[in-house]
Enquirer: 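Quick one: structure below, then a few questions.
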Amino acid sequence: MTSLFEDAQSRLIEVMKYVTLSDDVVNRLKYPKKALSVSIPVRMDDGALRVFTGYRVQFDDTRGPTKGGIRFHPDVNLDEITSLSFWMTIKCAVVGLPFGGAKGGIKVTPKELSLLELERLSRGYIRAIADIIGPKRDIPAPDVYTNATIMGWMADEYYQIMREQLPAVITGKPVHLNGSLGRDSATGQGALFVLLQWLKAFELAPENTTIAIQGFGNAGFHFAKLAYELGFRIVALSDSKGGIVSNDDLNPQLVMNQKLADNTLKAMLYCDGSVCREAEFNVVSNEELLELNVDVLVLAALENQITEQNADKIRAKHILEIANGPISPEADEVLKRKGINVLPDVLVNAGGVTVSYFEWVQNRSGFYWDNSEINCRLKKIMDTEANNVFDLARQKKLSLRSAAYLHGINRISGAMTEHGTREYFQK
Ligand code: NAD
């Protein structure tokens, strides 16, 4: 079995068929620049000491300080964090942000920790990696099972270490602690902008477009809510416990209210005060949700959800990758043969890092923007870069994924080449 990082790199090898890259560039993109592994001792509420393992990988900083989220998950490992840092490098280049790529994570099941334990763990992680992060070096952000509150604790710990307020060290902070408006919904909103540009070519009106969404967390929920508000038909949703599918369109906000109230997914038709009417719905497994016959399947959970095992059973016409790496390279080939259009993660989920970039800019300038300015700037970047990728795919007859990689790698390669390559010095 190949490692996740080998899978991630195979996309680079695919792109090299269509572009002549200097050997210097290829070699630089094979290895992360820095990979730090740390142990974080935490005093638990019962007095016991537990030691957690954490990582921070900075893949490449040629185009600017490195940028990437922090994940809290029991499966976190160095291979996964390295792959995610590689994807961040490509993603920042695809949307033209002045950043390189990084990622961090802690191997932990956050639901098993009390809030105070979680705070001690978050602060301990920052103490362990403080030497290699900073507003001009490496800027973390939230990812799976981390949120604005955790970013606020982490930023505060960094200020205490550095003895000054440096809010640009971390993005995705609470709005009242120098965060940016629009960061919560940015990934879902950005993905929706990309989908709208893509569907223009198919003349599919929202009210005739059915959507199933795997992963009803931050990114999946905001995407679902914004798509529903535009009139798209949300017919299925799932989280780690399973999914629901309904003939009556699901209202994501009402489903979320219900999930917050009793931790289950139920199809709510409407609520008037405390009186709610439930729609008929069927419970489906996560595997079944992926195989539904819908126009758009949205993957917003974790890596490797569509693999060789289930790729042949996928019936959606278009797949929107909000999660990072949800489709294996082997599955990509099967989906291509079946004529299913895959809108790739490095473009689709870039709205999150784009509004993180806006937060960093606002923190550094000390001047804060309103919602309409954030949304307008996000739309401009996502629409422009999505169409750049679609045009490249058409011109070079490439998959959308290869076109997105080619678009990003052209920018990275340009930056590396400007420093001088073997060819330059042999002139
Ligand atoms: P989150 O922790 O808020 O939500 C993850 C959701 O996935 C949860 O609802 C969880 O129950 C569900 N889930 C987990 N395993 C599942 C499974 N097997 N089947 C169905 N659902 C499952 O995380 P998030 O921030 O929404 O991130 C989701 C994905 O999007 C990740 O791959 C992340 O890297 C990517 N992403 C997020 C952002 C962001 O800004 N939040 C930005 C870019 C990429």
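In this chain, residues are counted from 1 in sequence order. Just so you know, ligand 1 is whichever comes first in the structure, and atom 1 is the first atom listed for that ligand.
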Enquirer: Would you call K317 and D295 a salt bridge, using N to O less than 4.0 angstrom?
Expert: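 Yes, charged N to carboxylate O under 4.0 Å.
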Enquirer: Counting distance only, does the side-chain N/O of D79 pair as donor-acceptor with the main-chain N or O of F5 below 3.5 Å?
Expert: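 Side chain of D79 to backbone of F5, a donor-acceptor pair under 3.5 Å: yes, one is there.
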Enquirer: Thinking salt bridges, do E157 and R127 make one under a 4.0 Å N-O criterion?
Expert: yes
Enquirer: What part of R71, side chain, backbone, both or neither, has a heavy atom within less than 4.0 angstrom of ligand 1?
Expert: side chain
Enquirer: With a cut-off of 4.0 Å, which atoms of ligand 1 are near a heavy atom of R183?
Expert: 40 (O)
Enquirer: Checking the N or O distance criterion of under 3.5 Å, is ligand 1 in contact with K91?
Expert: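 No: no nitrogen or oxygen of K91 is under 3.5 Å from one in ligand 1.
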Enquirer: Any ion pair linking R401 and E321 (charged N to carboxylate O, less than 4.0 Å)?
Expert: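 Salt bridge present between E321 and R401.
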Enquirer: Which residue owns the protein heavy atom closest to atom 28 (C) of ligand 1, what's the atom, and how far is it?
Expert: A300 O, 3.4 Å
Enquirer: Hey, does the side chain of R56 reach the backbone of L36 with a donor-acceptor pair shorter than 3.5 angstrom?
Expert: no
Enquirer: Purely on distance, is any nitrogen or oxygen of S240 under 3.5 Å from one on ligand 1?
Expert: yes
Enquirer: Just to verify, which of S180, P65, P167 counts as forming a side chain to side chain contact (heavy atoms under 4.5 Å, CB included) with W360?
Expert: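 Per the side chain to side chain contact (heavy atoms under 4.5 Å, CB included) rule, the option paired with W360 is P65, out of S180, P65, P167.
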Enquirer: May I ask you to list the atoms of ligand 1 that are less than 4.0 angstrom from any heavy atom of N324?
Expert: 32 (O), 33 (C), 34 (O), 35 (C), 44 (C)
Enquirer: Any N or O on A219 sitting closer than 3.5 Å to an N or O of ligand 1?
Expert: yes
Enquirer: One residue to check: E321. Relative to ligand 1, which of side chain, backbone, both or neither has a non-hydrogen atom less than 4.0 Å away?
Expert: neither
Enquirer: Considering only heavy atoms, which of T354, T146, I213, N286 lies nearest to atom 20 (C) of ligand 1?
Expert: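 When every heavy atom of T354, T146, I213, N286 is considered, N286 comes closest to atom 20 (C) of ligand 1.
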Enquirer: Pull out every atom of ligand 1 sitting under 4.0 Å from any heavy atom of D143, numbered as shown with elements.
Expert: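 The atoms of ligand 1 under 4.0 Å from a heavy atom of D143 are 33 (C), 34 (O).
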Enquirer: Any atoms of ligand 1 less than 4.0 Å from a non-hydrogen atom of S238? List them with their elements.
Expert: 20 (C)
Enquirer: Taking R123 first and then D156, would you say they form a salt bridge - that is, a charged N and a carboxylate O separated by under 4.0 Å?
Expert: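 Result for this pair is yes, salt bridge flagged.
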Enquirer: Could you identify the single nearest non-hydrogen protein atom to atom 41 (N) of ligand 1 and state the distance to 0.1 Å?
Expert: N218 OD1, 3.7 Å
Enquirer: For K103, is there any backbone N or O sitting under 3.5 Å from a side-chain donor or acceptor partner on D138?
Expert: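 No; judged by distance alone, with no hydrogens or angles, the pair does not exist.
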Enquirer: For atom 31 (C) of ligand 1, what's the nearest protein heavy atom and its distance?
Expert: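 Atom 31 (C) of ligand 1 sits closest to the protein heavy atom A301 O, 3.2 Å.
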Enquirer: For atom 27 (O) of ligand 1, what's the nearest protein heavy atom and its distance?
Expert: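 Sorting protein heavy atoms by distance from atom 27 (O) of ligand 1 puts V144 CG2, 3.9 Å first.
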Enquirer: Which ligand 1 atoms does F216 reach within 4.0 Å, using its non-hydrogen atoms?
Expert: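 In order of numbering, the contacting atoms are 9 (O).
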Enquirer: Donor-acceptor check, side chain of N77 to backbone of E80, threshold 3.5 angstrom: yes or no?
Expert: yes
Enquirer: Do me a favour and list the nearest non-hydrogen protein atom to atom 42 (C) of ligand 1 with residue, atom name and distance?
Expert: T187 OG1, 3.2 Å
Enquirer: Just to confirm my output: which protein heavy-atom neighbour is closest to atom 4 (O) of ligand 1, and how far is it?
Expert: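 Ranking protein heavy atoms by distance from atom 4 (O) of ligand 1, first comes G217 CA, 3.2 Å.
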Enquirer: Does any N or O of ligand 1 fall below 3.5 Å from an N or O anywhere on L302, backbone included?
Expert: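 N/O-N/O distance below 3.5 Å does not exist for this pair.
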Enquirer: If we set the cut-off at 4.0 Å for heavy atoms, which region of P142 has an atom near ligand 1: side chain, backbone, both, or neither?
Expert: neither
Enquirer: What protein heavy atom lies closest to atom 36 (N) of ligand 1? Include the residue and the distance to one decimal.
Expert: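 Looking at atom 36 (N) of ligand 1, the protein heavy atom closest to it is I322 O, 3.9 Å.
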Enquirer: Is E333 paired with R337 through a side-chain N to carboxylate O contact shorter than 4.0 Å?
Expert: no
Enquirer: Using a 4.0 Å heavy-atom cut-off, say whether D239 meets ligand 1 through its side chain, its backbone, both or neither.
Expert: both
Enquirer: With heavy atoms under 4.0 Å as the rule, classify the contact between Q305 and ligand 1 as side chain, backbone, both or neither.
Expert: side chain
Enquirer: A quick test of your reading: do over 12 heavy atoms of other residues, nucleotides or ligands sit less than 6.0 Å from NZ of K338?
Expert: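 Yes, enclosed.
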Enquirer: Could you find the nearest protein heavy atom to atom 2 (O) of ligand 1 and give me its residue, atom name and distance?
Expert: Y145 N, 3.1 Å
